[in-house]
Amino acid sequence: MYHLNGDEIFISATDKGVCYIGSPEEDERDMAKRFPTAVLEKNPEALKPYMDELAEYFEGKRRQFSMPADVKGTAFQEAVWEALKEIPYGETCAYSDIAEKIGKPAAVRAVGTAIGANPVSIVVPCHRVIGKNGAITGYRGGIAMKEHLLELEKVNCNS
């Protein structure tokens, strides 16, 4: 569990890396829905390296994550998630840009669905994807959290 402004963010990892990062509105039940066969074990010591990197990010001291991730999805989802990792800190792009990047320019809605399925938000920076018109659109952690993350990066890019 990581604390952000008094709110808890649920973090889960396997022996291969972080597999889930929730939002203040999510908890163990949300993670369990994604991984119904997983056996949950509380181990704050094992999660400490992940929590430390998140803390550094929220303090403006980290722009890239080095933590390993253990995420699985369809080939399409994984292509989208890889493209998300290429969006530079402090910058944004549109869903259509991601669709173009993965060679599926007509798959904008599918890209949005794949982004919504991203189990490790923040580390795979889905918050950096906005509407083509610049609108802040859906985010698993809620629009307020997406706006907070974008503002955090904007401020730390300018400092």
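Because only heavy atoms are used, hydrogens play no part in the values below, and waters and symmetry mates are left out as well, while side chains stay in.
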Quiz prompt | Contacts of Tyr57 that satisfy ring-ring contact (aromatic ring centres under 6.0 Å, His included) - sequence neighbours left out | solution = Phe65
Self-check item: Option passing side chain to side chain contact (heavy atoms under 4.5 Å, CB included) with Leu150 (candidates Met145, Glu91, His127)
Solution: His127
Exercise. Applying salt bridge (Lys or Arg N to Asp or Glu O under 4.0 Å), name anything that partners Lys104, two or more places apart in sequence or on another chain.
Key: none
Exercise. Could you tell me whether Lys48 and Glu45 make a salt bridge, using a distance below 4.0 angstrom between a side-chain N and a carboxylate O?
Key: no
Quiz prompt | Set of residues satisfying side-chain contact (heavy atoms from CB on, under 4.5 Å) with respect to Ala110, sequence neighbours excluded | solution = Phe76, Ala107
Quiz item: According to the salt bridge (Lys or Arg N to Asp or Glu O under 4.0 Å) rule, which pairs have a member within residues 126-146, sequence neighbours left out?
Solution: Glu26-Arg140, Arg128-Glu153
Quiz item: Which heavy atom of Thr14 sits nearest a heavy atom of Cys19, and at what distance?
Solution: CG2-SG, 4.0 Å
Quiz prompt | side chain to side chain donor-acceptor pair (under 3.5 Å) against Tyr95, all qualifying residues, sequence neighbours excluded | solution = Thr137
Quiz item: Do any pairs count as a salt bridge (Lys or Arg N to Asp or Glu O under 4.0 Å) and have a residue in residues 113-123, sequence neighbours left out, and if so which ones?
Solution: none
Quiz prompt | Lys16: side chain to side chain donor-acceptor pair (under 3.5 Å) partners, not counting sequence neighbours | solution = none
Quiz item: Under a single-linkage definition using a 4.5 Å side-chain heavy-atom cutoff for Ile, Leu, Val, Met, Phe, Trp and Tyr, are Ile130 and Ile98 assigned to the same hydrophobic cluster?
Solution: no
Quiz item: For Glu86, what residues pass the salt bridge (Lys or Arg N to Asp or Glu O under 4.0 Å) criterion, not counting sequence neighbours?
Solution: Lys101
Self-check item: Residues which pass salt bridge (Lys or Arg N to Asp or Glu O under 4.0 Å) with Glu78, listed by chain and number, not counting sequence neighbours
Solution: none
Practice problem: List the atom of Pro125, the atom of Leu84, and the distance in Å for their closest heavy-atom pair. | Solution: CG-O, 3.3 Å
Quiz item: Does Thr113 have any side chain to side chain donor-acceptor pair (under 3.5 Å) partners at least two apart in sequence or in another chain, and if so, which?
Solution: none
Self-check item: Partner set under side chain to side chain donor-acceptor pair (under 3.5 Å) for Thr37, not counting sequence neighbours
Solution: none
Quiz item: What is the distance from atom OH of Tyr50 to atom OG of Ser66, rounded to the nearest 0.5 Å?
Solution: 10.0 Å
Exercise. State, to 0.1 Å, how close Phe58 and Leu149 come at their nearest heavy-atom pair, and which atoms those are.
Key: CE2-CD2, 3.5 Å
Exercise. Please list, chain by chain and in numerical order, all residues satisfying side-chain contact (heavy atoms from CB on, under 4.5 Å) with Glu151, sequence neighbours excluded.
Key: Lys154, Val155
Quiz item: Does a side-chain heavy-atom distance below 4.5 Å link Thr74 with Lys72?
Solution: no
Quiz item: Are Met67 and Tyr89 connected in a single hydrophobic cluster, I mean Ile/Leu/Val/Met/Phe/Trp/Tyr linked by side-chain heavy atoms less than 4.5 Å apart?
Solution: yes
